[in-house]
Protein chains: 2
Amino acid sequence: MISPLEVFRTYIKEKGLRNTPERETIIREIFSVHDHFDVDELFLRMRDQKSKIAKASIYRAIPLLIESGLIKEAFFEDGHLHYEPIYGHSRHCHLRCICCGKVVEFVEEEMDNIVDRLAKEYHFNILDHRLDFTGYCAECNNKMNDQDNVDTKELL
Amino acid sequence: MISPLEVFRTYIKEKGLRNTPERETIIREIFSVHDHFDVDELFLRMRDQKSKIAKASIYRAIPLLIESGLIKEAFFEDGHLHYEPIYGHSRHCHLRCICCGKVVEFVEEEMDNIVDRLAKEYHFNILDHRLDFTGYCAECNNKMNDQDNVDTKELL
DNA sequence: ATTGTTATTGTAAATTAATTGCAATAAGAA
DNA sequence: TTCTTATTGCAATTAATTTACAATAACAAT
């Protein structure tokens, strides 16, 4: 499988841009963890590894990483955007606990059928979708119910 | 059916807060259109109607409107959050054209089944979900393909 | 290899969305 | 009508993101 770096180099060449060690460091850092991130977090992770890349360079790289298909916007939370790697990742959805912030990722097979059906029905060329669920995870739900003296064991 | 205003008044009373004409004006404006909005747009719409409500008051009202179940965050775009009325609206998903910005709303019946299945599988108390599709609408898709001299009539 | 063009970088300043401090006002209970 | 204090408008603040600019460095052409 082509590495994220190679994908990016190809994209850069196609666009007539220039590749830089800074951008490659950013990509390496993102794909060394394979998980959601935000700009500040990524900046700090890279600084921990002696990288002196400016935050502005991360902000400037992100549209290119999206355009080249390496990452995408995941969600807006805590006043800023969060991203996630998508290259080499199967399309997944999120289940997020609004109490503790825990995120469960899963692949929903049914989505392909829905996409096909919608594309036909609404004459759309559907390229992407975002499916996120929010609620309370079992732990938080139980914690709350213990406090409220409500019995909701049926959840577990 | 109970009006959005009544729902809000009940919520305010429950919480021991105070209702104000400003908040009622905001709610009336939102539910006079029944469509997505952002703070700035809402502010301008209200100013057009001689209302002198400060933008800060809109920002301060929004968490209450969400808490009371009248509206919810719809999506983050163009650098800021967009909201949509949900009270009196059936749960719907979005199909958004990334070219012209057109938004098609639809109700996806299958979602209830998916929610039930996920709740069991992951032991989550799922309260809400967000399902958005992005791509090109038929018109934009054809426009692009005309330019590219590519035949994709199969979409229509 | 060397050179020349110009995209990219780091820094700092600017911009924009959203929040907050504060004094004046007004909602709603007494 | 009075009192308490939540809410308002305004202005200042905070935080995320973008941008101006001079220095640097990619990379195509020599």
Side-chain angles (χ1 to χ4, degrees), chain A residues 5-6 8-29 36-47 49-68 71-83, chain B residues 5-6 8-30 36-47 49-68 71-84:
Chain A
L5 246 65
E6 281 307 325
F8 188 71
R9 287 182 190 132
T10 303
Y11 166 80
I12 285 293
K13 193 154 286 176
E14 261 175 14
K15 289 278 176 178
L17 301 173
R18 294 175 188 171
N19 199 8
T20 66
E22 286 82 1
R23 289 172 179 171
E24 300 218 339
T25 304
I26 291 167
I27 293 168
R28 250 187 248 104
E29 181 56 41
H36 301 91
F37 64 92
D38 57 52
V39 170
D40 198 60
E41 179 194 327
L42 187 61
F43 174 71
L44 294 175
R45 264 162 57 188
M46 290 173 58
R47 213 184 43 181
Q49 300 176 27
K50 322 289 181 220
S51 168
K52 297 208 188 324
I53 294 171
K55 210 180 272 189
S57 295
I58 301 179
Y59 277 112
R60 281 188 282 229
I62 280 181
L64 303 177
L65 303 186
I66 292 176
E67 264 267 312
S68 61
I71 68 171
K72 72 167 184 174
E73 288 182 9
F75 49 85
F76 182 86
E77 205 173 68
D78 300 323
H80 57 266
L81 277 165
H82 296 246
Y83 304 89
Chain B
L5 247 66
E6 282 306 326
F8 188 70
R9 287 182 190 132
T10 303
Y11 166 80
I12 285 294
K13 193 153 286 177
E14 261 174 15
K15 288 278 176 176
L17 302 173
R18 293 176 188 169
N19 199 8
T20 66
E22 286 83 0
R23 289 172 178 170
E24 300 218 339
T25 303
I26 291 168
I27 293 167
R28 250 187 249 104
E29 181 57 42
I30 291 171
H36 301 90
F37 64 92
D38 57 52
V39 170
D40 199 58
E41 179 194 327
L42 187 60
F43 174 71
L44 294 176
R45 263 161 58 188
M46 291 171 60
R47 213 184 43 180
Q49 300 176 28
K50 321 286 181 222
S51 167
K52 297 207 189 323
I53 294 171
K55 211 180 272 187
S57 296
I58 301 179
Y59 277 113
R60 282 188 281 229
I62 281 180
L64 302 178
L65 302 186
I66 292 176
E67 265 268 312
S68 60
I71 68 171
K72 73 167 185 174
E73 287 181 11
F75 49 84
F76 184 85
E77 205 173 69
D78 300 322
H80 58 266
L81 276 165
H82 296 247
Y83 304 89
E84 66 183 2

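Fair warning: this is a prediction, and the values are worked out from it, not measured in the lab. Chain A is the first sequence line, chain B the second, and so forth, proteins listed ahead of strands; every chain is numbered from 1.
- Following rounding to the nearest Å, K52(B) (NZ) and dA26(C) (P) show an atom-to-atom distance of 15 Å.
- Distance, I62(B) CD1 to dT8(D) C1': 16 Å, rounded to whole Å.
- A sub-4.0 Å separation between OP1 or OP2 of dA27(C) and a side-chain N or O of R23(B) is absent.
- Atom P of nucleotide dG10(C) and atom CD1 of I53(A) are separated by 6 Å, given to the nearest angstrom.
- Taking the salt bridge (charged side-chain N to carboxylate O under 4.0 Å, His left out) definition, one finds that K13(A) meets it with nothing, sequence neighbours left out.
- Within the model, atoms CG of L5(A) and CD1 of I27(A) stand 5.5 Å from one another, a figure rounded to the nearest 0.5 Å.
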*Summarise how protein sits on nucleotides 12-25 of chain C as a single string, 5' to 3': B when a protein heavy atom is under 4.0 Å from the base, S for sugar-phosphate-only contact, - for no contact.*
-----SBBBB----
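- Listed by chain and number, the residues in a salt bridge (charged side-chain N to carboxylate O under 4.0 Å, His left out) with E22(B) amount to none (sequence neighbours excluded).
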*Go along nucleotides 24-30 of chain D 5' to 3' and tag each nucleotide: B for a protein heavy atom under 4.0 Å from its base, S when only backbone or sugar atoms are that close, - otherwise.*
-BBS---
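- Scored by the salt bridge (charged side-chain N to carboxylate O under 4.0 Å, His left out) test, R45(B) finds E29(B), E41(B) as partners (sequence neighbours excluded).
- For the pair H82(A) NE2 and dA16(D) C1', the computed distance is 11 Å after rounding to whole Å.
- Going from atom CG of L42(A) over to atom C1' of dA16(D) covers 15 Å, rounded to whole Å.
- With hydrogens and angles ignored, the 3.5 Å screen pairs a side-chain donor or acceptor of R23(A) with a backbone N or O of R18(A).
- In this structure, E24(B) atom CD and dT7(D) atom P are separated by 13 Å, rounded to whole Å.
- For L17(B), the side-chain contact (heavy atoms from CB on, under 4.5 Å) criterion is met by I12(B), K15(B), L64(B), not counting sequence neighbours.
- The side chain to side chain donor-acceptor pair (under 3.5 Å) analysis of residues 51-65 of chain A, with sequence neighbours excluded, yields the pairs D40(A)-K55(A).
- Looking at which nucleotide of DNA chain D each of G16(B) and S57(B) is closest to, the 5′-most match is held by G16(B).
- Distance CG (L64(A)) to P (dA7(C)): 13 Å, rounded to an integer number of Å.
- Defining each end axis of the helix from dA1(C)-dT30(D) to dA30(C)-dT1(D) as the rotation carrying four pairs' C1' atoms onto the next four, with five pairs an end, the two axes are found to diverge by 40° to 10 degrees.
- Here E14(B) pairs with nothing under the salt bridge (charged side-chain N to carboxylate O under 4.0 Å, His left out) rule; sequence neighbours left out.
- By the side chain to side chain donor-acceptor pair (under 3.5 Å) test, H80(A) is found to be paired with D38(A), H82(A), residues two or more places apart in sequence or in another chain being considered.
- In this structure, E73(B) has no side chain to side chain donor-acceptor pair (under 3.5 Å) partners at least two apart in sequence or on a different chain.
- Scanning for ring-ring contact (aromatic ring centres under 6.0 Å, His included) contacts around Y83(A) gives F37(A), with sequence neighbours left out.
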